[in-house]
Amino acid sequence: MVTAKVWVLKKHFEGFPKSSDFDLKHIELPNLKDGELLLESVFLSVDPYMRPYSQRNMKEGDIMIGTQVARIVESKNPDFTVGVFVVARSGWRTHFISDGKDLRALPPNWPESLPRSLALGTIGMPGLTAYFGLLEVCKMKSGETVLVNAAAGAVGSVVGQLAKIWGCKVVGCAGSDDKVAYLKKIGFDEAFNYKTVASLDEALRKASPDGYDCFFDNVGGEFTTVAINQMKTYGRIALCGAISQYNDSVPQKGPYVQMPMIFKELQMEGFIVSRWNNRWEEGLNTMLKWVMEGKVKCHEQVTEGFENMPAAFIGMLKGENLGKAVIKV
Ligand SMILES: NC(=O)C1=CN([C@@H]2O[C@H](COP(=O)(O)OP(=O)(O)OC[C@H]3O[C@@H](n4cnc5c(N)ncnc54)[C@H](OP(=O)(O)O)[C@@H]3O)[C@@H](O)[C@H]2O)C=CC1
Ligand SMILES: CCCCCCCCC/C=C/C=O
């Protein structure tokens with residue numbers, strides 16, 4: 001008999017999540033039936049979408065939604081071998097039982113030397129968000145100027161590096177000087193700390209006096225209102241996330257986008273990465289190749305211990321992470 005530890009949503013978040021909103025429970029797992037397998041989580045992901053998702057789709061007492069890299073520890077399913085690592089969407093749990101249908105094996109050519117946690121970041125959902133968002137929503141072309149915010153995070157840091165690979169000029173902003181130094185280190189042409197600049201409008205203008213062809217927006221709110229006015233004619237805005245609004249109890253006013261949208265003939269499109277589920281393999285293989293060739297650098301903020309998942313989640317929402325926030329069990 002195996003006892004799983006799980007984190008449940010004890011109380012719906014009001015404003016910024018608090019550790020008291022979570023409850024750690026122990027669940028006895030039953031013995032395996034034919035066709036089933038037992039898995040243990042090795043790395044778990046904390047992601048911004050969990051905040052709005054919990055509000056819309058979860059009830060108090062539900063296990064927190066989430067993705068993990070897990071190892072098969074017992075198998076009564078001939079298609080799955082003990083010891084194999086997979087990506088699962090089983091929520092914040094140390095152990096779980098699966099019939100195998102919802103599991104995705106790591107790419108078969110995953111090198112031993114590469115941390116498997118990257119399957120939750122650059123070579124996983126956030127990396128693919130950058131890849132498809134830039135290619136299919138921004139439709140950026142070589143020589144264009146790309147702006148990305150939350151640029152030192154899981155998605156943003158990949159957006160900037162992919163845009164460089166594809167021949168663009170890249171401007172990024174992030175919430176600390178250390179993050180800005182990291183952006184410059186990984187090849188951003190211009191980077192600034194949005195928390196300390198005297199004027200966001202001036203900082204954006206200084207970084208690219210001619211304006212922006214593409215804006216990969218992870219933040220929303222006030223940032224979008226300011227940035228939209230610095231788009232070039234026919235510019236494209238990919239609405240990827242709106243993290244500045246996720247913890248609002250009272251909805252923010254605006255942005256009032258109509259005038260710049262009309263007069264600059266802009267395109268603005270929201271997207272969810274799962275739109276390209278049928279191209280997941282293409283994206284993962286491309287990201288794996290570029291990471292192995294050193295063209296895309298990865299940084300992870302690793303929190304040790306399953307018990308610390310709520311703290312890691314809250315820390316990520318506060319901006320304490322550089323790169324992808326993951327938990328090592
Ligand atoms: N559409 C889709 O399919 C997907 C969308 N997303 C979205 O992409 C965005 C980035 O996600 P991800 O890369 O995983 O997370 P990150 O690794 O970027 O972590 C979140 C970061 O957001 C920044 N942040 C937090 N609050 C604010 C604020 N009020 N204003 C500006 N920045 C803030 C912080 O960085 P800093 O120190 O710079 O403030 C923090 O580190 C999120 O909005 C997320 O919801 C992610 C995956 C898929
Ligand atoms: C195999 C992992 C798939 C996880 C899908 C999660 C989709 C997140 C969409 C994010 C939206 C905004 O943050």
Side-chain angles (χ1 to χ4, degrees), residues 4-27 29 39 41 43-70 86-104 119-121 124-130 132-133 137 150 153-155 217-221 238-252 269-278 280 303 306 308-318 321 324-327:
K5 287 188 255 180
V6 304
W7 278 109
V8 302
L9 178 71
K10 183 175 169 188
K11 195 169 175 315
H12 268 298
F13 306 124
E14 284 167 12
F16 223 90
K18 305 182 288 299
S19 42
S20 57
D21 298 329
F22 301 89
D23 216 359
L24 183 61
K25 299 217 159 165
H26 293 77
I27 298 178
L29 297 182
L39 298 104
S41 302
F43 294 102
L44 294 116
S45 182
V46 282
D47 298 271
Y49 76 84
M50 294 165 179
R51 173 65 180 87
Y53 183 92
S54 71
Q55 209 77 36
R56 289 160 177 253
N57 304 89
M58 287 172 63
K59 50 187 192 319
E60 292 175 357
D62 283 353
I63 294 175
M64 284 296 295
I65 182 179
T67 309
Q68 58 266 88
V69 171
V86 295
V87 176
R89 296 168 65 182
S90 291
W92 295 18
R93 320 173 190 245
T94 55
H95 297 82
F96 53 98
I97 291 173
S98 164
D99 60 7
K101 289 191 184 127
D102 52 350
L103 304 178
R104 186 166 42 78
L120 302 175
M125 185 277 285
L128 297 191
T129 303
F132 291 117
V137 184
V155 175
D217 190 6
N218 289 317
V219 167
L239 293 187
C240 175
I243 196 164
S244 70
Q245 296 167 240
Y246 293 169
N247 295 305
D248 287 346
S249 306
V250 180
Q252 292 177 27
E269 182 179 348
F271 73 96
I272 300 281
V273 61
S274 51
R275 192 193 301 181
W276 297 280
N277 270 351
N278 61 344
W280 214 252
T303 300
F306 183 75
N308 295 319
M309 277 203 82
F313 177 58
I314 293 167
M316 178 275 300
L317 291 175
K318 282 185 185 159
N321 60 307
K324 177 72 187 101
V326 292
I327 288 78

Tell me the closest heavy-atom pair linking [X] and [Y], and the distance in Å.
| X | Y | answer |
| --- | --- | --- |
| Gly133 | Phe271 | CA-CZ, 3.7 Å |
| Ala119 | Val87 | CB-CG2, 3.9 Å |
| Val155 | Cys240 | CG1-SG, 4.4 Å |
| Ser90 | Asp102 | OG-OD2, 4.4 Å |
| Ala154 | Lys324 | CB-CD, 3.4 Å |
| Ala88 | Leu103 | CB-CD2, 3.6 Å |

Within the 4.5 Å heavy-atom criterion, are [X] and [Y] side-chain neighbours or not?
| X | Y | value |
| --- | --- | --- |
| Leu120 | Phe43 | yes |
| Met125 | Asp47 | yes |
| Ile243 | Leu317 | yes |
| Val273 | Pro126 | no |
| Gln55 | Tyr246 | no |
| Met64 | Met58 | yes |
| Phe22 | Met309 | no |
| Asn247 | Phe13 | no |

Between [atom1] on residue [X] and [atom2] on residue [Y], distance to nearest 0.5 Å:
| X | Y | atom1 | atom2 | result |
| --- | --- | --- | --- | --- |
| Asp23 | Leu9 | CG | CG | 10.0 Å |
| Ser45 | Gln68 | OG | CD | 9.5 Å |
| Ser244 | Asn218 | OG | CG | 10.5 Å |
| Leu39 | Leu29 | CG | CG | 10.5 Å |
| Leu24 | Ser19 | CG | OG | 12.5 Å |
| Arg104 | Trp280 | CZ | CH2 | 6.5 Å |

Could I get the full list of salt bridge (Lys or Arg N to Asp or Glu O under 4.0 Å) partners for [X], not counting sequence neighbours?
| X | result |
| --- | --- |
| Asp99 | Lys101 |
| Lys10 | none |
| Lys11 | Glu14 |

Review point. Please walk me through it: do Ile65 and Tyr49 pass side chain to side chain contact (heavy atoms under 4.5 Å, CB included)?
Key: CA-CA 10 Å; Ile65 182 179; Tyr49 76 84; 3.9 Å; yes
Check your understanding: Taking only residues two or more places apart in sequence, or in another chain, which ones meet Phe313 in a ring pair (Phe, Tyr, Trp, His ring centres under 6.0 Å)?
Key -> Trp92
Practice item. For atom NZ of Lys18, decide whether the heavy atoms of other residues, nucleotides or ligands shown that lie under 6.0 angstrom number more than 12. Key: yes
Point to revise | salt bridge (Lys or Arg N to Asp or Glu O under 4.0 Å) contacts touching residues 49-60 (sequence neighbours left out) | key: Lys59-Asp62
Review point. Mind checking what makes side-chain contact (heavy atoms from CB on, under 4.5 Å) contact with Leu239, not counting sequence neighbours?
Key: Asp217, Ile237, Met268
